[in-house]
Every structure is written in C-alpha cells, then in structure tokens.
Amino acid sequence: AQSVTQLGSHVSVSEGALVLLRCNYSSSVPPYLFWYVQYPNQGLQLLLKYTSAATLVKGINGFEAEFKKSETSFHLTKPSAHMSDAAEYFCAVSDSGNTGKLIFGQGTTLQVKP
Amino acid sequence: DAGVTQSPTHLIKTRGQQVTLRCSPKSGHDTVSWYQQALGQGPQFIFQYYEEEERQRGNFPDRFSGHQFPNYSSELNVNALLLGDSALYLCASSLDSGPQETQYFGPGTRLLVL
C-alpha cells in the first residue's frame with residue numbers, strides 16, 4: 001500500500017531564504033505525486049504534480065519538486081521564501097487503483113520570519 | 001469558471017444528530033471525492049462517486065454515506081454524529097477518475113459536534 005511521510009511538522013525560514021519541505025513516499029508501482037498548499041481556513045490548492053513526464057516539476061508561485069526514485073523522495077523547494085508562503089503544505093501520493101484516491105502526509109507548517 | 005463549491009461553510013451539531021454536506025464540482029468534472037481532515041492532520045479519503053455510483057470507500061463506518069446526482073453534484077451524509085466526527089470535510093472533483101488526474105478541492109465545511 002502507498003504511504004507518504006513528511007519529515008518535519010514545522011519548518012521556519014527567514015524571508016528570502018531557501019524553502020525545503022521533505023516528502024518520502026512508499027509505493028509498489030510508479031507513483032503519481034502531488035504537493036498541495038492550504039492557507040488558514042481554506043481548502044487545498046494544487047502546487048504541482050509528478051506524472052513521470054519529467055523528474056523536475058515546476059509549479060505555481062515559484063515552487064518546484066524533484067522526483068528521486070532511488071531515494072523515494074519528492075521534496076518541495078523554493079529559492080526565496082516570501083511572507084505569503086506561510087501555510088500548511090501537504091504531500092500526497094495517488095492510489096494505484098482506478099479511483100486515484102489521494103493518500104496524504106501529515107503536513108508541514110511553513111513559518112516565514114521577516 | 002466556478003471552482004468547487006461546498007455548503008454550508010460551518011455547521012454545529014450535537015451528538016447523535018445527522019448532517020448533510022453538499023458539493024458542486026468544477027464545471028466539466030464528473031468525479032467527486034470526499035475527504036475528512038481532522039485538526040492538525042492530513043485529509044483522509046472517505047469515498048468517491050462517479051456516474052452516480054460509489055467507486056471506492058475508505059476506512060469509514062457505514063454512518064458515512066453519500067450520493068451523486070445526475071448533474072454530478074454530491075452530498076455527504078453522516079448519521080449518529082460522534083464528537084470525533086468534528087473535522088473539516090473537503091470535497092474534490094476531477095475530470096475523470098484515475099491516479100494521474102488532478103483533484104481540485106473546495107473550501108470545505110467545518111463541522112463541530114458538541
């Protein structure tokens with residue numbers, strides 16, 4: 001069965017610093033992977049997704065993620081943090097069945113300090 | 001183009017009561033999935049509807065039931081509410097089912113059970 005582990009429930013960076021949010025997955029088949037962001041009192045917004053077309057995936061708001069099969073990782077990065085990036089970030093793997101249900105990690109709260 | 005909409009936004013119920021949550025998918029989408037997000041946790045898959053049929057169900061008791069209408073909108077019903085049912089309930093729609101499809105989330109309905 002697929003699963004996702006997000007290392008670090010809270011990450012704090014200074015404005016302008018590199019953002020690195022870690023995600024490791026477990027899957028018996030080639031995975032489809034997603035990063036979603038959730039702002040306070042809102043639903044989830046898709047940042048980017050990996051569907052095997054390219055290992056480096058670029059998303060919205062300057063975020064990108066690199067799929068590394070050997071490390072079973074899909075870490076999310078952004079070169080320079082902005083105050084507006086403060087939010088909850090979720091990594092998810094899509095179930096290999098025909099419904100594509102999403103299996104989410106526990107989430108990482110990103111704090112951006114001025 | 002309207003995204004996924006959910007109603008109501010907030011709801012307060014007492015133990016033992018029943019609740020119905022509603023979801024309208026993104027225009028053109030025919031698949032609706034429901035997730036429960038407890039405080040501080042990642043969303044958990046409840047079930048998915050496609051062509052008015054429940055395609056897959058997560059690890060939730062039969063107190064949780066749903067329906068999809070011919071216009072693809074959907075309802076989530078929860079009977080005999082427990083305190084532990086307090087959560088944010090998210091609806092997601094997609095163009096089709098399948099692991100590669102992007103699921104678009106609504107803003108959620110926050111349910112508080114007293």
Side-chain angles (χ1 to χ4, degrees), chain A residues 1-10 21-25 27-54 57 59-60 67 87-109, chain B residues 2-7 9-10 21 23-26 29-51 53-60 66 68 87-110:
Chain A
Q2 285 97 336
S3 65
V4 169
T5 302
Q6 292 185 241
L7 301 176
S9 58
H10 289 83
L21 304 182
R22 299 177 187 275
C23 172
N24 287 88
Y25 69 90
S27 177
S28 58
V29 298
Y32 295 101
L33 295 160
F34 302 78
W35 275 100
Y36 283 87
V37 61
Q38 185 175 36
Y39 297 100
N41 301 313
Q42 294 187 28
L44 277 67
Q45 179 183 7
L46 179 71
L47 282 175
L48 50 82
K49 71 176 183 180
Y50 168 75
T51 57
S52 77
V57 183
I60 63 171
F67 173 73
E88 185 85 11
Y89 291 80
F90 292 96
C91 181
V93 63
S94 182
D95 183 70
S96 58
N98 61 353
T99 63
K101 77 175 189 181
L102 293 173
I103 300 160
F104 286 88
Q106 293 287 81
T108 297
T109 301
Chain B
V4 179
T5 59
Q6 293 185 243
S7 63
T9 56
H10 294 80
L21 311 182
C23 171
S24 291
K26 188 176 169 66
H29 287 187
D30 59 7
T31 302
V32 173
S33 301
W34 287 91
Y35 293 81
Q36 180 196 66
Q37 185 180 17
L39 198 62
Q41 304 291 319
Q44 298 286 320
F45 176 80
I46 302 175
F47 42 52
Q48 183 183 90
Y49 278 85
Y50 173 71
E51 292 189 344
E53 296 286 332
E54 183 183 290
R55 295 199 73 182
Q56 188 177 7
R57 187 179 187 87
N59 190 25
F60 281 81
Q68 186 178 35
L88 180 67
Y89 288 85
L90 295 164
C91 170
S93 74
S94 55
L95 189 59
D96 195 356
S97 64
Q100 75 286 355
E101 293 295 330
T102 296
Q103 295 189 28
Y104 294 86
F105 284 81
T109 294
R110 190 164 296 281

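Letters A, B, ... mirror the listed sequences (proteins, then strands); counts begin at 1. Bear in mind the structure is a predicted one, so any value in this text is a computation, not a measurement.
When the candidates A:Leu102, A:Thr51, A:Leu46 are compared by the number of heavy-atom contacts under 4.5 Å with chain B, A:Leu102 comes out ahead. Ranked by heavy-atom pairs shorter than 4.5 Å toward chain B, the options A:Ser9, A:Gly43, A:Gly105, A:Pro31 are led by A:Gly43. For the options A:Ser94, A:Ala92, A:Cys91, A:Gly107, heavy-atom pairs under 4.5 Å to chain B are most numerous at A:Ser94.
The contact between B:Tyr35 and chain A is made entirely by side chain atoms (from C-beta outward), counting heavy-atom distances below 4.5 Å. Both the backbone and the side chain of B:Gln41 come within contact range of chain A, judged by heavy atoms closer than 4.5 Å. For a residue to count as touching a neighbouring chain, one of its non-hydrogen atoms must lie under 4.5 Å from one of that chain's; by this rule A:Lys49 touches chain B with the side chain only. With a 4.5 Å cut-off on non-hydrogen atoms, B:Ser33 does not touch chain A at all. At a 4.5 Å heavy-atom cutoff, B:Gln6 makes no contact with chain A through either its backbone or its side chain. Heavy-atom distances place the backbone of A:Gln42, and not its side chain, under 4.5 Å from chain B.
A:Gln6 places a side-chain N or O within donor-acceptor distance of the main-chain N or O of A:Tyr89, the cut-off being under 3.5 Å. When atom types are taken as modelled, the side chain of B:Ser93 and the backbone of B:Lys26 share a donor-acceptor pair closer than 3.5 angstrom. Side-chain atoms of B:Gln68 come within 3.5 Å of backbone atoms of B:Glu51 as a donor-acceptor pair (strictly under, hydrogens ignored). Distance alone, capped at 3.5 Å, is enough to place a donor-acceptor pair between the A:Thr108 side chain and the A:Gly8 backbone.
Checking A:Tyr36, A:Tyr39, A:Trp35 one by one against A:Gln45, the side chain to side chain contact (heavy atoms under 4.5 Å, CB included) holds for a single residue, A:Tyr39.
For B:Gln36 and B:Tyr89, the side-chain atoms include at least one donor-acceptor pair closer than 3.5 Å.
Here CG of A:Leu47 is found 12.0 Å from CZ of A:Phe90. Values are rounded to the nearest 0.5 Å.
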